[in-house]
Structures are given as C-alpha cells and as structure tokens.
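Residues take their numbers from the sequence shown, with the count starting at 1.
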Amino acid sequence: MAPLRISFLIRSVYDLLPSNANLGRWGKKDDPTCPLCQGRQTTEHVLSSCKVALSQGRYTWRHNRVLQELASVISTAKGEIHPSSTSSTVFITEGGVKKWHRGSIPINTHRKGLLDGCDDWVVSADLPE
C-alpha cells in the first residue's frame, strides 16, 4: 500500500483525521459542526454517519469508486489480456501459458504477483455499470 493510504488508515482508526471536531479540540477551528447536517463532525460522522451525505448518495458514490479501483488494480496485476464483453477477467497461469477451451496460448512468463497461476479466478464487482 502507498504510504499515504496507510497513514490515512492509521489516522482514521485512532481518530486523528482533521475533522471539525478534532480541529476544534486542537485549537485550529471554533466550529465543530458538519457543514451538511449541522451535527458534530467527527471522523466516524464523516466516513459513515452523516444522514445528509447518505441521502445524497455520497457514500454509495465513494463505495463504487473504491470498488472500481480495486477491481482495476487486481485485473491489471493479474495480467488481463483482453477484457471480455462480460465482467470476467483472464488470468495468467504460473507456467506462462493461459489454458483456453481450445488449447493453450503462450504469454508473458514474468511473474507479477501472489495470485499468478490462478487461472480459475474471476474478478466481479457489484458496480452499477
């Protein structure tokens, strides 16, 4: 993981992100309220509890963007050859040969990751598109 992502995860777990409530506690801001719903803006509130953000679909949008990124990274790391018209992904076998229904096709033999060689894996995500 990138250092900034790890930093975000650690700071969110220990409630050290700059929410309005924390900024107020640290003497950086006077108003601890959420600009959307006027409730107290804590880290938990920002990440999952604001009723206005929920009603506007902001959490769904964020969920879909994160899921889309994960699916893209996994597909790329697996060495997807050509995305099919369905949502399935092609994986590279450990020996550098992808087994198709009609024989084998030699492909790049460079090992890319932990899941190389798992040709029966399919990446699927519950994205609207």
Report the distance from atom CG of Asn22 to atom CG of Leu16, rounding to the nearest 0.5 Å.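 Here the rounded value is 7.0 Å.
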Val13 and Leu9: CA distance, side-chain angles, deciding distance, side-chain contact (heavy atoms from CB on, under 4.5 Å) verdict: CA-CA 6 Å; Val13 167; Leu9 288 172; 5.6 Å; no
Using only atom types and a distance under 3.5 Å, with no angle test, would you say the side chain of Thr33 pairs donor to acceptor with the backbone of Gly39? no
As an exercise, state the distance from CG of Asp30 to CG of Leu23, rounded to the nearest 0.5 Å. 11.0 Å
Rounded distance (nearest 0.5 Å) linking atom OG1 of Thr42 with atom CG of Leu17: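 Answer for the OG1-CG pair, Thr42 versus Leu17, is 10.5 Å.
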N/O donor-acceptor pair under 3.5 Å between Tyr59 side chain and Leu47 backbone: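 Flag not set: sc Tyr59 to bb Leu47 has no pair under 3.5 Å.
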Roughly how far, to the nearest 0.5 Å, is the OG atom of Ser19 from the CZ atom of Arg25?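 It is 7.5 Å, given to the nearest 0.5 Å.
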Could you tell me if the side chain of Cys50 sits less than 4.5 Å from the side chain of His45, heavy atoms only? yes
If you round to the nearest 0.5 Å, how far is CG of Asp15 from CD of Glu44?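 Separation between the atoms: 9.0 Å.
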Does the side chain of Pro18 reach to within under 4.5 Å of the side chain of Arg11, using non-hydrogen atoms?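 Side-chain contact under 4.5 Å: yes.
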Indicate if Leu4 and Phe8 have the same hydrophobic cluster label, given that clusters are the connected sets of ILVMFWY residues with side-chain heavy-atom separations under 4.5 angstrom.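 No: no chain of side-chain contacts under 4.5 Å links Leu4 to Phe8.
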Should the heavy atoms of other residues, nucleotides or ligands under 6.0 Å from CD of Gln68 be counted, would the total exceed 12?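 Result for CD/Gln68: enclosed.
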For Gln41 versus Val46, what's the shortest heavy-atom pair and its separation? CG-CG2, 3.4 Å
Does some side-chain heavy atom of Thr60 sit less than 4.5 Å from a side-chain heavy atom of Pro128?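 No, their side chains stay 4.5 Å or more apart.
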Spatial distance of atom CG (Asp31) from atom CD (Gln38) [nearest 0.5 Å]: 7.5 Å
